[in-house]
Amino acid sequence: MALVARWVSLLGHPFAMVAVMVVVAALHFGTRADALRALTVVTLFTLLPLAILMARQVRRRSWTNVDASERAERPLLFVVGLIGLAALLAYTFFFHPHSFLLRGGIGTLALLSVCAAVTPWLKVSLHMAFGALATATLLLLGSQVGWALLVVMPVLAWSRLALKRHRPSEVAAGALAGVGAALAILGS
């Protein structure tokens, strides 16, 4: 079962959820070229720096795994993520001010900031937060992909618990934070 939980965790990783959300949302608002540009920009500003950080920290044995599963590992993850999001927002504001990435980036920045702020008391599941963000965002856009992700979310929650990376309260907090961010982004 641990192997299945690891695969579910990998397939439901925040990077995967963000990529799916960005591509599907970009296709909703624009063209395939827009989707490719949006995914490239998000990858360069946020996902790539975080991936480099994760690989570096695990290689140096500073982190136990790429998920930054220990509470003490989270601050650096949040700093790099927040800086990347700020850079993404600045780029989008100056070069593509009408892009959906601007509103989405602000909502994601708020989501990550809340998760960072509560870390001393609660290690929010970022897998669940970004999974719920992607699911709720795509459902609010009327995408069938959102329904598919909705089916995946309970399995992802199980995997985070089965791998002992989170407690039930942390999984629930992640899901609530992600849905809240999606509602903030698209609810109005």
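As a basis for the values below, the full set of heavy atoms in this structure was taken, side chains included, without hydrogen atoms, waters or symmetry mates.
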* **Considering all heavy atoms, the nearest A38-A26 contact** => CB-CB, 4.2 Å
* Asked: Checking side-chain contact (heavy atoms from CB on, under 4.5 Å) for the pair E170/V124: CA distance, chi angles, key distance, verdict?
  -> CA-CA 5 Å; E170 296 166 338; V124 175; 5.8 Å; no
* Quick one: sort the H13 and F15 rings into parallel, tilted or perpendicular, breaks at 30° and 60°. => perpendicular
* **V42 versus T46, closest heavy-atom pair with distance** => O-OG1, 2.5 Å
* Are the side chain of K123 and the backbone N or O of E70 linked by a donor-acceptor pair below 3.5 Å? -> no
* To do: Spell out, as yes or no, whether a donor-acceptor pair under 3.5 Å connects the side chain of S125 to the backbone of M128.
  => yes
* Any chance you could measure L149, atom CG, to L133, atom CG, to the nearest 0.5 Å? => 10.5 Å
* To do: Return yes when atom CZ of R6 has more than 12 non-hydrogen atoms of other residues, nucleotides or ligands closer than 6.0 Å, and no otherwise.
  => no
* To do: Answer yes if the ring centres of H96 and Y91 are under 6.0 angstrom apart, and no otherwise.
  => yes
* Asked: Should W147 and T135 be marked as a side-chain contact (heavy atoms from CB on, under 4.5 Å) after you check the CA-CA gap, both sets of side-chain angles, and the distance that decides it?
  -> CA-CA 7 Å; W147 290 105; T135 301; over 6 Å; no
* Step-by-step salt bridge (Lys or Arg N to Asp or Glu O under 4.0 Å) determination, R160 to D67 -> CA-CA 11 Å; R160 304 311 293 158; D67 290 339; 3.3 Å; yes
* **side-chain contact (heavy atoms from CB on, under 4.5 Å) assessment of L138 paired with V20** => CA-CA 9 Å; L138 296 180; V20 168; 4.2 Å; yes
* Least distance between heavy atoms, L122 atom then S169 atom -> CD1-OG, 3.8 Å
* **Heavy-atom pair with the smallest gap, counting every atom of G81 and L112** => C-CD2, 3.8 Å
* Asked: Any sub-3.5 Å donor-acceptor pair from R71's side-chain atoms to T119's backbone N or O?
  -> yes
* Can you check whether M54's main-chain N or O pairs, donor with acceptor, with Q57's side chain at less than 3.5 Å? -> no
* **Full working for side-chain contact (heavy atoms from CB on, under 4.5 Å) between L161 and W158** => CA-CA 5 Å; L161 296 170; W158 164 81; 5.8 Å; no
* Looking just at side-chain N and O atoms, do H127 and S9 make a donor-acceptor pair shorter than 3.5 Å? -> yes
